[in-house]
Amino acid sequence: MLTDLLADLPEAVRLQSVVARLREHFGCGAVALLRLEGDHLRPVAVDGLVSEALGRRFAVSEHPRLAAILARRGVTRFNHDSNLPDPYDGLIDEHAGEPLPVHDCMGTSLTIEGKTWGVLTLDALRVGTFDEQSQSDLAAFILAIEAAIRTSRLEAEIRALRLTGGDTPESGAPREDSEILGQSEAIAHLLHELVVVADSELPVLLLGETGVGKELFARRLHRLSRRRGKPLVHVNCAALPESLAESELFGHAKGAFSGAVSSRPGRFEAADGGTLLLDEVGELPLTVQAKLLRALQDGEIQRLGADQPLRVDVRIIAATNRSLRDLVHDGVFRADLYHRLSVYPIPIPPLRERGDDVLLLAGRFLELNRARLGLRSLRLSQHAQAALLRYSWPGNVRELEHAISRAALKALSRGASRNEIVTLEADLLDLGDLPGPGQEAPAPADLETGAVVPAPALSAAAKDSIKPLRDAVDQFQRDLIRRSLAVHGASWARSAAQLQIDPSNLRKLARRLGLKQ
């Protein structure tokens, strides 16, 4: 069943196809493949779990079933009456969002080149799904599953060699950053752009709204660069008092000012050979900007109060949520420094432009809060998921994190039990006056008077253009399937996972809609 996956499918599709075929073979509710990274397990492919499951990180110490599977070679099965909590309680997407507990569970650890790689888990809501024959079948599949992982890993290493020109040191090799969650086209394009520019020595300017995660992308850029073995030094320019900014960046000599009882190196010297991240660079005082320009142009700095300059080898990554061009126009930012810093500007997309990534990120914050609050399970209702997807997120990822944390606390304050499956409803998210499920959005108001503006009357031509509901729904489904296939490289399995539909049902629907396969 699985051996044909080793050669016939591209790397991006292979592991997703493995879990989909296993789920079909065992007739269970969900299958998940999780990779061990430090002290937690990261889902890399799932089938049958809710859409935010890929964003979760399962700490091994917090999940005794996963720890038990990880601790031994071979198949581990848990009886339906096991008192060990299941990490997927309420997360199996089989019963239209009902928060049902898992009843049957089995799994196996996976080993690659003599080292534990991770685990495979299978879960079902029906008691007795995994009998002795099922356990025997899973044991027989282990070698094929490990071979599929090994093939994907080899392809990833070959790709890394191509990207880095053959330089792949063991301790610092570029790898996927598990902190950056997202499968949207916008994020895929951004990550590719970071790979392209990382190997250069050009200054990079990260542009993005507050809360988009500029520091995370700066870290990734550093790890992908030739300087990855050297320090990445972070400076929050907005937090530097003007009187201390020069000393903090460039250091000072003994006696340079009152209280300077000894010489002190600055952040540039700390980052020598590595990378200096200047966060909120638009907040730097004009006097410091002139010295920063010299460091960029000549590779020289001068400690405050010192006579001789120092040579430094530093790559600059600057980040800002403001328009430096406007600051130049206003006379508070040097034009020459702006042109130096913006050699390669990289805009980071806001959360509202990342589609379903909001659910992956929500999954990450749900698991963090579940562990922090000592809950058995924490999940989103379908209405809550819909609310997250239609909200504009002016505070981006940071606002999403706070919304999930706040909602979890509200649920407990309203009497939710830590020993039950806690479901967060849309009202707990406190996202403002969003229309609820089945409600219409309020009519728009005039911005000056506040009066409600009536909807314009439809012309006869406009009325004639309205399609029957079934035709409109079919056209919407065609467009959605086409877009998903385009994003996932014509992979039906990954598109089915994104659209939360069984792969075979997706193909049936596509045939009914007249889409070529």
Side-chain angles (χ1 to χ4, degrees), residues 167 169 171-172 179 194 197-206 213-322 324 327 332-334 336-344:
D167 181 21
S171 60
E179 292 178 301
L194 291 179
V197 73
D199 200 42
S200 74
E201 291 294 290
L202 297 174
V204 173
L205 180 61
L206 299 177
K214 293 185 286 292
E215 185 179 350
L216 285 181
F217 291 100
R219 284 198 217 128
R220 181 176 179 83
L221 190 60
H222 174 72
R223 279 197 288 267
L224 288 168
S225 75
R226 305 174 203 174
R227 298 173 179 263
R228 53 185 167 265
K230 297 292 184 177
L232 168 64
V233 177
H234 178 208
V235 180
N236 183 357
C237 299
L240 293 178
E242 185 170 354
S243 59
L244 298 178
E246 183 176 347
S247 171
E248 188 68 22
L249 286 174
F250 306 109
H252 62 258
K254 181 179 179 180
F257 52 83
S258 177
V261 296
S262 61
S263 296
R264 180 179 179 274
R267 300 295 183 89
F268 263 89
E269 288 178 73
D272 192 23
T275 305
L276 183 65
L277 169 59
L278 298 175
D279 201 1
E280 303 305 341
V281 68
E283 305 296 331
L284 280 177
L286 277 168
T287 53
V288 177
Q289 291 177 29
K291 285 201 167 187
L292 177 58
L293 180 64
R294 179 185 178 186
L296 285 170
Q297 288 177 330
D298 305 326
E300 287 187 347
I301 62 167
Q302 192 161 348
R303 289 184 180 181
L304 186 63
D307 296 327
Q308 298 297 322
L310 299 170
R311 298 289 299 178
V312 290
D313 174 22
V314 174
R315 184 188 191 178
I316 297 293
I317 300 176
T320 181
N321 62 0
R322 305 178 65 182
L324 294 187
L327 296 181
V332 294
F333 202 85
R334 294 178 61 110
D336 46 7
L337 178 58
Y338 165 68
H339 292 303
R340 278 282 179 178
L341 291 175
S342 61
V343 173
Y344 200 97

(message) Working to the nearest 0.5 angstrom, can you tell me the gap between K214 NZ and L205 CG?
(response) 10.5 Å
(message) Quick check against the 3.5 Å criterion: does H222 have a side-chain atom that pairs as donor or acceptor with the backbone of K230?
(response) yes
(message) Show, in sequence, the C-alpha distance, side-chain angles and deciding distance for L296 and L341, and conclude whether the side-chain contact (heavy atoms from CB on, under 4.5 Å) test is met.
(response) CA-CA 9 Å; L296 285 170; L341 291 175; 3.7 Å; yes
(request) Answer yes or no: is there a donor N or O on one side and an acceptor on the other, between the side chain of D272 and the main chain of D313, under 3.5 Å? (result) yes
(message) Can you tell me how far apart CD1 (I316) and CG (L278) are? Round to the nearest 0.5 Å.
(response) 4.5 Å
(message) So, using side-chain hydrogen bond (donor to acceptor under 3.5 Å, both in side chains) as the criterion, who are the partners of E300 when residues are at least two apart?
(response) R294
(message) Quick check: do R223 and L194 have side-chain heavy atoms less than 4.5 Å from each other?
(response) no
(message) A side-chain contact here means heavy atoms from C-beta on lying under 4.5 Å apart; do V235 and F268 qualify?
(response) no
(request) Scan K291, H252, Q302 and name whichever one has a side chain to side chain contact (heavy atoms under 4.5 Å, CB included) with E246. (result) K291
(request) Return yes if some donor-acceptor pair links the side-chain N/O of S247 with the main-chain N/O of L244 below 3.5 Å, else return no. (result) no
(request) Give, for atom NE2 of H234 and atom CZ of R267, the distance between the pair rounded to the nearest 0.5 Å. (result) 9.0 Å
(message) Restricting to non-hydrogen atoms, name the atom on V343 and the atom on P203 that form the minimum distance, rounded to 0.1 Å.
(response) CB-O, 4.0 Å
(message) To check you understand the geometry: which heavy-atom pair defines the closest contact between A198 and S225, and what is its length?
(response) O-CB, 3.3 Å
(message) Which heavy atom of A306 sits nearest to which heavy atom of A253, and what is that distance?
(response) N-CB, 4.0 Å
(request) Drop me the distance from C237's SG to L292's CG, to the nearest 0.5 angstrom. (result) 8.0 Å
(message) Can you give me the closest heavy-atom contact between V332 and Q289, atom names plus distance?
(response) O-NE2, 3.3 Å
(request) Just jot down the side-chain hydrogen bond (donor to acceptor under 3.5 Å, both in side chains) partners of R322, sequence neighbours excluded, or say none. (result) E283
(request) Please tell me if the side chains of V204 and R315 come closer than 4.5 Å, counting only heavy atoms from C-beta onward. (result) yes
(message) Looking at R303 and Q308, would you say the former's side chain and the latter's main chain have a donor-acceptor pair under 3.5 Å?
(response) no
(message) Using side-chain heavy atoms (C-beta onward) and a distance below 4.5 Å, is V288 in contact with F250?
(response) yes
(request) Could you tell me which non-hydrogen atom of F217 sits nearest to which non-hydrogen atom of G213, and how far apart they are? (result) CD1-O, 3.0 Å
(request) Measure the spacing between CG of L249 and CG of L276 and express it to the nearest 0.5 Å. (result) 7.0 Å
(message) Please give me the minimum heavy-atom distance between L232 and A218, naming the atom from each residue.
(response) CD2-O, 4.5 Å
(message) To the closest 0.5 Å, what do you measure between CG (L284) and CD (E242)?
(response) 10.0 Å
